[in-house]
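To start, the structure under review is shown below, and the notes come after it.
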Amino acid sequence: MELSKNFEPQEIEKKWYSHWMNNGYFKSVPDDREPYTIVMPPPNVTGVLHMGHCLNNTIQDILIRRARMQGKNACWVPGTDHASIATEAKVVGMLRERGIAKSSLSREEFLAYAWEWKEKYGGIILEQLKKMGCSLDWDRTTFTMDPAYYASVIETFVKLHKDGIIYRGLRMVNWDPASKTALSDEEVIFKDVDSKLYYVTYPFADGSEGGITVATTRPETILGDVAICVNPSDERYKNVVGKEVIVPVIERRIPIIADEYVDAEFGTGALKITPAHDKNDNELGRKHNLRALNTLDAEGKFTSEELEDDLINDTIISYAGIDRFVLRKKIAADIEAIGQLQKTEDYKGQVGTSERTGAIIESRLSLQWFMDMKKFIATNPDISAAVAEEKIKFHPAKFKNTYAHWMNNIKDWCISRQLWWGQQIPAWYDEEGRYVVAENEEKAKEMFNTQFSIANAQLKQDEDCLDTWFSSWLWPMEVFKGISHPDNEEIKYYYPTQNLVTAPEIIFFWVARMIMAGYTYKNEMPFENVYFTGIVRDKQGRKMSKSLGNSPDLLALIDQYGADAVRFGIMIASPAGNDILFDESALEQGRNFNNKMWNALKLVKMWESRCEILDTRHETNTFALRWFENRLNEVRLEVNELLNQFKLSEALKVIYSLIWDDFCSWYLEWIKPGFEQPIDKAIYEKTVGYFSQLMEILHPFMPFITEEIYHLLDDKKDDLCVKVTDVVGNIDEKILAEATQLKNIISGLRDVRNKNQIKPKETIKVHIQTAEVAVYKSIESILAKQINSASISFVNDAVAGTITTVIGKDKFYIETEQPLNTAGQKDDLEKELNHLKGFLTTVEKKLSNEKFVANAKPEVLALEQKKKADAEEKIKIIEDSLSL
RNA sequence: GGGAGCAUAGCUCAGCUGGUUUAGAGCAUCUGCCUUACAAGCAGAGGGUCCGCGGUUCGAACCCGUGUGCUCCCACCA
């Protein structure tokens with residue numbers, strides 16, 4: 001069979017993915033093997049594949065393929081997340097483009113559009129993962145709004161409500177005026193902004209001279225002011241506490257009160273209190289029994305609905321419907337017009353923004369559903385202990401602290417969203433606003449009957465739906481129906497899962513909450529290890545984003561370089577938890593690696609028809625065989641160890657070097673027969689075996705090319721994808737050391753050739769002066785071939801008229817036609833000599849130090865003595881050479 | 001404001017509990033090669049005050065202190 005010049009991934013990748021699928025290799029059913037489970041972090045249905053997914057899923061695929069090859073029952077579960085707020089925003093946008101307003105639709109009509117959208121776009125990302133070679137059990141694909149999943153979320157809500165952990169209450173929440181919904185604290189992102197501090201004077205109500213000046217960044221909230229607060233120990237304001245002042249524009253009389261909360265150092269030391277629009281103000285308001293007057297509607301526009309009639313004047317009527325940021329400037333101008341704006345100052349502050357819409361968050365008093373997290377985590381001490389005690393291991397471990405800190409400062413979780421796309425809150429209200437929480441209307445009616453003695457109540461379900469994360473926290477259980485059908489065979493077999501691979505950004509959103517849910521509902525951790533990936537950035541270290549246009553099209557990259565090369569490129573420089581700087585040159589390196597292996601295959605295949613049973617050359621070649629076998633085993637142990645520690649990119653580097661350097665550059669060259677010469681059959685067969693093993697080790701990282709080469713090497717019945725790896729045998733350290741020495745000699749003598757400008761085709765003659773002639777017997781012919789030497793002989797004395805070099809403890813005399821560059825040789829030897837002398841000095845210094853000799857461990861001391869002896873010996877050899 | 005982490009070759013990073021040859025790899029660079037698997041390649045080479053300063057120690061890239069510069073997380077001082 002003719003092999004193409006370079007590796008051509010496209011067809012081969014397609015071929016193998018369908019082969020693996022047709023054979024059901026990714027499918028898992030419980031059996032008597034040890035399970036190895038990963039649940040994929042479900043991407044949003046709105047998503048398309050980007051570099052972050054690529055990194056994340058490549059890592060998972062490496063782990064799961066490795067487990068499969070370790071003989072475990074590997075199960076990797078795919079799925080998608082309904083992503084309540086993100087998806088709803090997309091659907092609303094899509095409708096707007098079609099000229100349909102969400103407000104013109106009923107809930108049912110809107111949801112019909114949303115499902116239509118989900119069916120159309122929701123599966124795209126999963127299809128893209130197949131291109132990357134991800135070995136997911138597709139039959140298990142789960143969606144967080146599948147009927148059973150939906151029911152399990154509702155059931156969880158009902159249970160937690162019954163236990164008094166979920167409650168409904170009027171609280172200050174983070175309000176997103178763009179999507180008109182409440183958000184949890186985690187969904188608010190604080191950003192630095194340049195703003196202004198406005199100094200506004202409130203005149204005294206009794207008409208006395210002056211007034212009190214406050215500094216505020218938000219003049220628009222003045223309309224909701226109910227008090228001015230100062231620090232009780234602030235001398236400046238001692239006399240005014242208890243007095244009343246007039247709020248500018250709205251002309252409301254409000255008291256001056258005192259509270260320790262106020263920082264006398266900030267601004268003027270006087271704080272205006274707006275309980276309806278600020279969390280801290282709200283607390284102060286409650287403490288001091290103040291009203292909360294809301295002046296902004298759900299979209300962040302001014303409304304006078306909650307103001308008392310007598311406070312509404314013409315100016316205020318003219319504010320109706322004005323957006324908060326326009327209003328800010330307008331009110332500032334109006335206050336300035338009446339001479340009560342003292343000054344404005346530039347101010348650097350922070351504002352909270354919505355993670356999804358980017359809108360600036362309003363603190364808003366709102367009736368929402370909450371989870372009492374302190375109470376919840378107190379129900380099971382394992383929730384806090386699991387990570388600290390490393391029952392659940394974080395990689396890298398530094399995220400333990402982050403987790404612990406969050407747990408210790410946990411706040412109530414606002415779980416209701418004013419959205420339709422999601423699990424609708426199972427609370428049922430009658431006309432008088434009484435409510436019960438139940439799985440369905442029928443049960444709700446029964447409850448109304450027992451609780452309120454109302455038969456056949458007319459009930460209406462809560463309009464709102466639940467936070468997306470209130471469903472995804474059940475993911476590792478419910479993908480195996482562990483909530484909807486507890487104690488089924490699958491959940492018993494697959495749970496707890498082994499690994500979670502995810503981004504540190506969602507440690508609170510998701511990881512922490514899965515741990516809580518896992519311990520609560522299964523009394524068991526959801527996963528043993530959490531591998532936190534870094535953020536994929538561009539070459540300059542910038543986050544990849546649509547607006548910067550620095551986010552490459554992954555599918556185009558796969559087309560261009562092949563999936564294996566992309567996987568290689570993204571993995572080669574991505575240690576756990578570190579950001580990765582994505583550079584297309586890494587993909588080139590991956591593609592080049594493909595070609596390297598492909599060409600090695602071509603070389604080996606060329607020999608296939610030239611196999612003969614040969615005795616000549618065989619003896620020295622056994623050195624290459626014995627060495628490579630041991631080297632292979634050595635690396636297999638090392639890779640195994642690295643993978644156990646989740647050092648994936650380290651492992652890949654080691655394998656890369658094993659294949660490129662050890663196998664291609666050294667081993668194949670050592671056993672390579674001369675031009676059109678036959679190769680020994682035994683050597684050929686061993687080589688095919690080694691090559692197959694190399695493909696086996698690399699397979700989890702680069703599944704397609706390895707499977708292809710594995711099969712092209714010889715006629716194999718099995719597939720690499722499901723091959724179970726053998727145990728590594730013992731390692732012969734002696735031969736590894738001898739090979740290292742041989743490599744050093746080859747490189748050293750090649751360097752001599754280079755420096756003396758001996759042309760590659762020109763042969764040399766080498767005379768070796770060594771104490772260990774026997775060692776050279778097995779490597780002699782390899783050495784001769786590798787340095788293009790016509791002959792190798794052993795001598796006891798210097799050979800005149802040759803180039804002399806010292807490698808290790810042996811001297812080499814090189815006979816050549818070239819004129820001798822004695823000066824250059826001398827320089828090199830002297831350089832080496834200086835280095836050794838410097839080294840010897842440091843060693844001698846140590847050894848002559850009494851305290852070192854007294855304190856150092858015996859093996860350290862022995863080592864230093866050996867270093868000294870070695871150095872002295874080498875120095876002597878070089879000095880001998882120099883004297884010639 | 002609180003906490004965590006990082007700083008090693010031009011770039012990206014290894015270097016585990018202090019001693020293994022006066023620091024390693026990949027990429028990039030330079031030199032020589034179209035050598036019969038591979039120029040997307042081969043062979044070889046150069047390149048570092050291990051961020052600064054101080055300390056502990058017989059011995060520090062590694063431990064401690066301090067300064068500088070980055071990064072991230074948490075926290076609504078209006």
Side-chain angles (χ1 to χ4, degrees), chain A residues 3 5-7 174 185 188 190 197 214-218 221 229 261-263 265-268 270-274 278-281 347 349-352 361 363 396 398-399 401-402 405-406 409 504-505 507-508 535 539 541 572-575 577-581 583 585-586 588-589 591-606 645 647 649-650 653-654 656-657 664-665 668-669 672 674-676 746-747 750-755 757 759-761 788 835-836 838-839 841-843 845-846 849-857 859-861 863-864 866-867 870-871:
Chain A
L3 293 172
K5 182 176 187 311
N6 285 329
F7 177 65
N174 308 298
D185 293 344
V188 178
F190 285 90
L197 259 185
V214 303
T216 177
T217 53
R218 304 196 56 195
T221 64
C229 191
Y261 168 78
V262 178
D263 176 5
E265 301 297 313
F266 189 91
T268 62
L271 172 69
K272 69 186 206 60
I273 308 289
T274 322
D278 185 283
K279 257 183 206 166
N280 294 313
D281 287 13
Y347 181 70
Q350 281 195 314
V351 295
I361 294 300
S363 284
K398 66 176 176 184
F399 289 110
N401 299 333
T402 314
H405 183 260
W406 187 73
N409 295 285
E505 294 138 76
I507 186 168
F508 309 133
I535 297 167
K539 235 166 139 177
I572 196 67
S574 72
N578 271 20
D579 288 356
I580 89 159
L581 300 189
D583 185 347
S585 70
E588 275 174 36
Q589 199 187 342
R591 179 200 58 192
N592 296 351
F593 186 35
N594 277 342
N595 283 333
K596 188 70 187 175
M597 292 187 283
W598 190 249
N599 279 298
L601 173 72
K602 275 162 51 181
L603 177 67
V604 172
K605 292 308 279 183
M606 236 170 62
Q645 295 167 34
K647 293 182 174 175
S649 72
E650 284 288 299
K653 279 178 193 170
V654 169
Y656 175 80
S657 169
C664 293
S665 296
L668 289 178
E669 295 297 336
K672 191 191 232 174
F675 184 50
E676 293 189 340
I746 292 168
S747 294
R750 280 171 175 170
D751 189 31
V752 170
R753 293 186 61 117
N754 255 340
K755 288 213 170 93
Q757 294 172 324
K759 293 266 179 294
K761 282 181 179 161
N788 197 15
H835 179 264
L836 281 169
F839 176 68
T841 315
T842 61
V843 176
K845 233 164 93 185
K846 266 190 202 176
N849 184 323
E850 278 171 33
K851 285 187 177 171
F852 170 74
V853 178
N855 293 329
K857 281 180 280 185
E859 59 267 30
V860 173
L861 193 62
L863 189 74
E864 293 298 324
K866 186 174 181 304
K867 281 194 212 168
D870 283 358

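Here is how names work: the chains are called A, B, and so on, in the same order as the sequence lines, proteins then strands, and each is numbered from 1.
Comparing B:A7 with B:U66, their C1' atoms are spaced 16 Å from each other, to the whole Å. B:G32 and B:G69 are spaced 43 Å apart, taking the C1' atom of each and rounding to whole Å. Rounded to a whole angstrom, the distance from the C1' atom of B:G5 to that of B:G10 is 25 Å. The P atoms of B:G55 and B:C62 are separated by 14 Å, rounded to the nearest whole Å. B:U8 and B:G15: their C1' atoms are spaced 9 Å apart (whole Å). Rounded to a whole angstrom, the distance from the C1' atom of B:G65 to that of B:A28 is 38 Å. Across the P atoms, B:A78 and B:C6 are found 32 Å apart, a figure rounded to whole Å. Across the C1' atoms, B:C64 and B:G26 are found 34 Å apart, a figure rounded to whole Å.
If you take NZ of A:Lys851 and C1' of B:G59, they are 12 Å apart, rounded to a whole angstrom. Following rounding to the nearest Å, A:Lys398 (NZ) and B:A4 (P) show an atom-to-atom distance of 13 Å. In this structure, A:Lys602 places its NZ atom 11 Å from C1' of B:G41, rounding to the nearest Å. Atom CG of A:Asn595 and atom P of B:C38 are 12 Å apart (whole Å). One interatomic measurement links the two molecules: CZ of A:Phe399 to C1' of B:C6, which rounds to 13 Å at whole-angstrom precision.
When the nearest nucleotides of RNA chain B are assigned to A:Ile361 and A:Ser665 by heavy-atom distance, the more 5′-ward of the two goes with A:Ser665.
Across all strands, A:Leu581 comes closer than 4.0 Å only to sugar-phosphate atoms, never to a base (heavy-atom distances). Within 4.0 Å of A:Asn6, counting heavy atoms only, lies at least one base atom of the nucleic acid. Using a 4.0 Å heavy-atom criterion, one finds that A:Asn849 contacts the sugar-phosphate atoms exclusively. Contact annotation for A:Asp751: backbone-only contact, meaning every heavy-atom pair under 4.0 Å involves sugar-phosphate atoms and none involves a base.
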Exercise. Might you work through the side chain to side chain contact (heavy atoms under 4.5 Å, CB included) test for A:Val843 and A:Lys866, ending with a clear yes or no?
Key: CA-CA 10 Å; A:Val843 176; A:Lys866 186 174 181 304; over 6 Å; no

Exercise. Dump the intermediate steps for side chain to side chain contact (heavy atoms under 4.5 Å, CB included) on A:Val860 and A:Phe852, then the final yes or no.
Key: CA-CA 10 Å; A:Val860 173; A:Phe852 170 74; 4.1 Å; yes

Practice problem: Using the side chain to side chain contact (heavy atoms under 4.5 Å, CB included) rule, take A:Ile507 and A:Trp406 through it: C-alpha gap first, then chi angles, then the decisive distance, then the call. | Solution: CA-CA 10 Å; A:Ile507 186 168; A:Trp406 187 73; over 6 Å; no

Practice problem: Decide side chain to side chain contact (heavy atoms under 4.5 Å, CB included) for A:Phe839 and A:Asp870; before the verdict, give the C-alpha distance in whole Å, the side-chain angles of both, and the deciding distance to 0.1 Å. | Solution: CA-CA 11 Å; A:Phe839 176 68; A:Asp870 283 358; over 6 Å; no

Quiz item: How does protein contact run along nucleotides 24-32 of chain B, one letter per nucleotide 5' to 3', with B for base contact, S for sugar-phosphate only, - for none, heavy atoms under 4.0 Å?
Solution: --SS-----

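Between the side chain of A:Asn409 and the main chain of A:His405, a donor-acceptor pair closer than 3.5 Å is present. Remark: side-chain polar atoms of A:Asn6 are not paired, donor with acceptor, to backbone N or O of A:Asn595 under 3.5 angstrom.
Considering CG of A:Asn599 and CG of A:Leu3, their distance stands at 9.5 Å, rounded to 0.5 Å. Separating the NZ atom in A:Lys605 from the NZ atom in A:Lys602 is a distance of 13.5 Å, to the nearest 0.5 Å.
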Quick test: give all pairs of protein nitrogen or oxygen and nucleotides 18-22 of chain B nitrogen or oxygen below 3.5 Å, distance rounded to 0.1 Å.
from	atom 1	to	atom 2	distance (Å)
B:U22	OP2	A:His835	NE2	3.0
B:U22	O4	A:His835	O	2.6

Output a table of nitrogen or oxygen pairs between the protein and nucleotides 73-75 of chain B separated by less than 3.5 Å.
from	atom 1	to	atom 2	distance (Å)
B:A75	N6	A:Gln350	OE1	2.8
B:A75	N6	A:Gln350	NE2	3.4

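When the side-chain nitrogen and oxygen atoms of A:Lys647 are compared with OP1 and OP2 of B:G15, one or more of them lie within a distance under 4.0 Å. Under 4.0 angstrom from either OP1 or OP2 of B:G44 there lies at least one side-chain N or O belonging to A:Arg750. Contact annotation: A:Lys596 side-chain N/O to B:G41 OP1/OP2 distance is not under 4.0 Å. Regarding contacts with the backbone of B:C77, every side-chain N or O of A:Tyr347 stays at 4.0 angstrom or more from both OP1 and OP2.
Under the side-chain hydrogen bond (donor to acceptor under 3.5 Å, both in side chains) criterion, A:Asn401 pairs with no residue at all, not counting sequence neighbours. Scored by the salt bridge (Lys or Arg N to Asp or Glu O under 4.0 Å) test, A:Lys867 finds A:Glu864 as partners (sequence neighbours excluded).
In terms of polar N and O atoms assigned as donor or acceptor, the side chain of A:Glu669 never comes within less than 3.5 Å of the base of B:A43 in a complementary pairing. Not a single donor-acceptor pair, N or O on each side, falls under 3.5 Å between the base of B:A37 and the side chain of A:Asn599.
Shown here for A:Cys664 and A:Lys596, the closest heavy-atom pair between the two residues is CB-CE, 3.7 Å. A:Lys5 and A:Trp598 make their closest contact through O-CD1, 3.8 Å (heavy atoms, listed as atom of the first residue, atom of the second, distance). The two atoms that bring A:Pro760 and A:Asn788 nearest to each other are O-ND2, 2.8 Å, heavy atoms only.
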Quiz item: How would RNA chain B look in dot-bracket form, 5' to 3', counting Watson-Crick and G-U wobble pairs with both distances under 3.5 Å and writing | for bases paired to another strand?
Solution: (((((((..((((.....[....)))).(((((.......))))).....(((((..]....))))))))))))....

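If you run side-chain contact (heavy atoms from CB on, under 4.5 Å) between A:Thr221 and each of A:Asp278, A:Thr274, A:Ile273, only A:Thr274 comes through.
In this pair, A:Tyr656 and A:Phe593 present their aromatic rings perpendicular. The plane angle is above 60°, beyond the 30 to 60° band.
Between A:Arg218 and A:Asp281, none of the side-chain N atoms (NZ, or NE/NH1/NH2) sits under 4.0 Å from a carboxylate O, so this pair counts as no salt bridge.
Which of B:A78, B:A4, B:A40 sits closest to the side chain of A:Asn401 comes down to B:A4. Side-chain proximity of A:Phe266 to B:C77, B:A14, B:C38: nearest is B:C77. For A:Asn592, whose side chain is taken as the heavy atoms from C-beta onward, the closest listed nucleotide among B:U12, B:A4, B:A40 is B:A40. Between B:A78, B:A37, B:A40, one nucleotide has an atom nearer to the side chain of A:Val262 than all others, and that is B:A78. Ranking B:A78, B:G5, B:A37 by closeness to the A:Met606 side chain, first place goes to B:A37.
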